Protein chains: 2
Amino acid sequence: MTAPDAADLKRDQILAAASRVIAERGYHATNIADIARELGAGHGTFYRYFKNKHDIAVQAVDRAMRRIAEALADEPPEVATSLDEYRAQVTRIAHRLFDLVIAEPVVARLFFFEAAAINRERAERFHAALDDLGSFTAAYIRNGQRRGFLRAEVDPEVIGLALNGVILAGAARMLRVSDPAAERDRWVDSVLTLMFHGLAS
Amino acid sequence: MTAPDAADLKRDQILAAASRVIAERGYHATNIADIARELGAGHGTFYRYFKNKHDIAVQAVDRAMRRIAEALADEPPEVATSLDEYRAQVTRIAHRLFDLVIAEPVVARLFFFEAAAINRERAERFHAALDDLGSFTAAYIRNGQRRGFLRAEVDPEVIGLALNGVILAGAARMLRVSDPAAERDRWVDSVLTLMFHGLAS
DNA sequence: GCGAGCAGAATGACACGTCATTCCGTGAGC
DNA sequence: GCTCACGGAATGACGTGTCATTCTGCTCGC
């Protein structure tokens, strides 16, 4: 192993340890000694690889954000040509996202809870990321409106942001129940019905 | 003015100052000196009325929670007998809640952003409060299902929590735009359409 | 192969800054 | 004069970050 590789590995180990501790305790209740203990290393080692506490938290959160963004790739908004295709797309996206929450709770906790918690600037950045996600969803709505399979009278931007809220609520739920896979299925069923057909009987 | 009244007034003034500062800066970035400055008082005065920083934040947040809960009173879940009545109820609730967010941004910020931020125990309490709100909404869904005007196949608990997510997303939005009243109207229109009739055309 | 020297990684004691909380002198009201 | 509320300086706890020291692995010369 060459020196750059060994340093990268060490850096990743520290970042993973920090991610676990911050996800578990929250950023503000985490201190450097906690991270060092989780790593099984000395306190000052940390500063060889990261500038300070803020730096590592930002990097942990940004990595979690990238991980979430990956889960949303491969589903281009303009390809669905019918309600069934769009519904299948939403089903895949929902499963992928909720499965990520279940499989990688540290990533989920960092994204959904800690990303806004570090300071005000990071909260704004998190909200901007949610706005991007909402705009991404709005692009699907507009595609469906253009092709005629989604209703024209709703505001795509509002629906995009509202569905963000549903995702956040679902993810928070899935992080807290004893059988997250069953909870995911309950959510996907009911939320898709709500989303496409509404509550009116 | 009697001594208890004067002390209560002073206490309320401190609590209001703290609420403003915490809502503006966030709990963790707020210090006692900031609150004292906002109040135009000495630093140590604070401790004559509140135990410590945590105590005042908890009281500010709990007061905001009570304020939100008041906005939801007077809409009993079992009274709607038709879709139109329920829709009117939801419209009133949505307006009342979003109008509160617009009129009292300090209350809204404390509830939606700071309630979970203080520490882990308070985050759990916030989630429990959201669960209660979700259960309250689920009671409306069950009433509609029982009476036949809402579809039977959705899970009321899931829908209750999902609509929580929509409320949170809407509130966050309304706290950030330049014309919140216009944004509220956009939201109420589209979200009610989504909620009752879905997106399918 | 062994030992010495070197470079860089690791460590943890310590310095420092911050801020929550306490304390005490002062002034106002009774 | 006495009591109590107040203001702000003082205090001490705590966490972050620094740096002197030690450790370890590698290379080179004998």
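In what follows, every chain begins at residue 1, and chains take the letters A, B, ... in the order their sequences are listed. From a predicted model like this one, the values you see are computed outputs, not experimental measurements.
Residue A:Y49 is in sugar-phosphate contact alone, with no base atom involved, counting any heavy-atom pair closer than 4.0 Å across all strands shown. If you check every strand for non-hydrogen atoms under 4.0 Å, B:A41 touches sugar and phosphate atoms only.
Counting to the nearest Å, the P atom of C:dA10 and the CZ atom of A:F46 are 14 Å from each other. Atom-to-atom, CG of B:L9 to P of D:dC6 comes out at 11 Å; the value is rounded to the nearest Å. Between A:H43 atom NE2 and C:dA10 atom P there is a gap of 15 Å when expressed in whole angstrom units. If you measure from atom OH of B:Y47 to atom C1' of D:dT11, you get 13 Å, rounded to the nearest angstrom. A straight line from CD1 of B:I32 to P of C:dC23 spans 17 Å, rounded to a whole angstrom. Atom-to-atom, NZ of A:K10 to P of C:dA10 comes out at 5 Å; the value is rounded to the nearest Å. Atom CG of A:N52 and atom P of D:dT18 are 8 Å apart (whole Å). Atom pair B:H54:NE2 and C:dT21:P shows a separation of 11 Å (rounding to whole Å applied).
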Polar atom pairs between nucleotides 20-23 of chain D and protein, under 3.5 Å, N or O only, would you list them?
none

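Using a 30° and 60° split on the angle between ring planes, A:H28 and B:H28 fall in the parallel class, below 30°. Using cut-offs of 30° and 60° for the angle between ring planes, the A:Y86 and A:F149 rings count as tilted.
When each of B:T137, B:V90, B:L133 is paired with B:L163, the side chain to side chain contact (heavy atoms under 4.5 Å, CB included) condition holds for B:T137 and for no other.
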Starting from the C-alpha separation in whole Å, work towards a yes-or-no answer on ring pair (Phe, Tyr, Trp, His ring centres under 6.0 Å) for B:Y27 and B:H54. CA-CA 9 Å; B:Y27 173 72; B:H54 178 83; 7.1 Å; no
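Under 4.0 angstrom from either OP1 or OP2 of D:dG15 there lies no side-chain N or O belonging to A:Y27.
Using a 4.5 Å heavy-atom threshold, the side chains of B:R96 and B:E75 count as touching.
Atom CD of B:Q13 is surrounded by more than 12 heavy atoms from other residues, nucleotides or ligands within 6.0 Å. Within a 6.0 Å radius of CD in A:E24, no more than 12 heavy atoms belonging to other residues, nucleotides or ligands are found.
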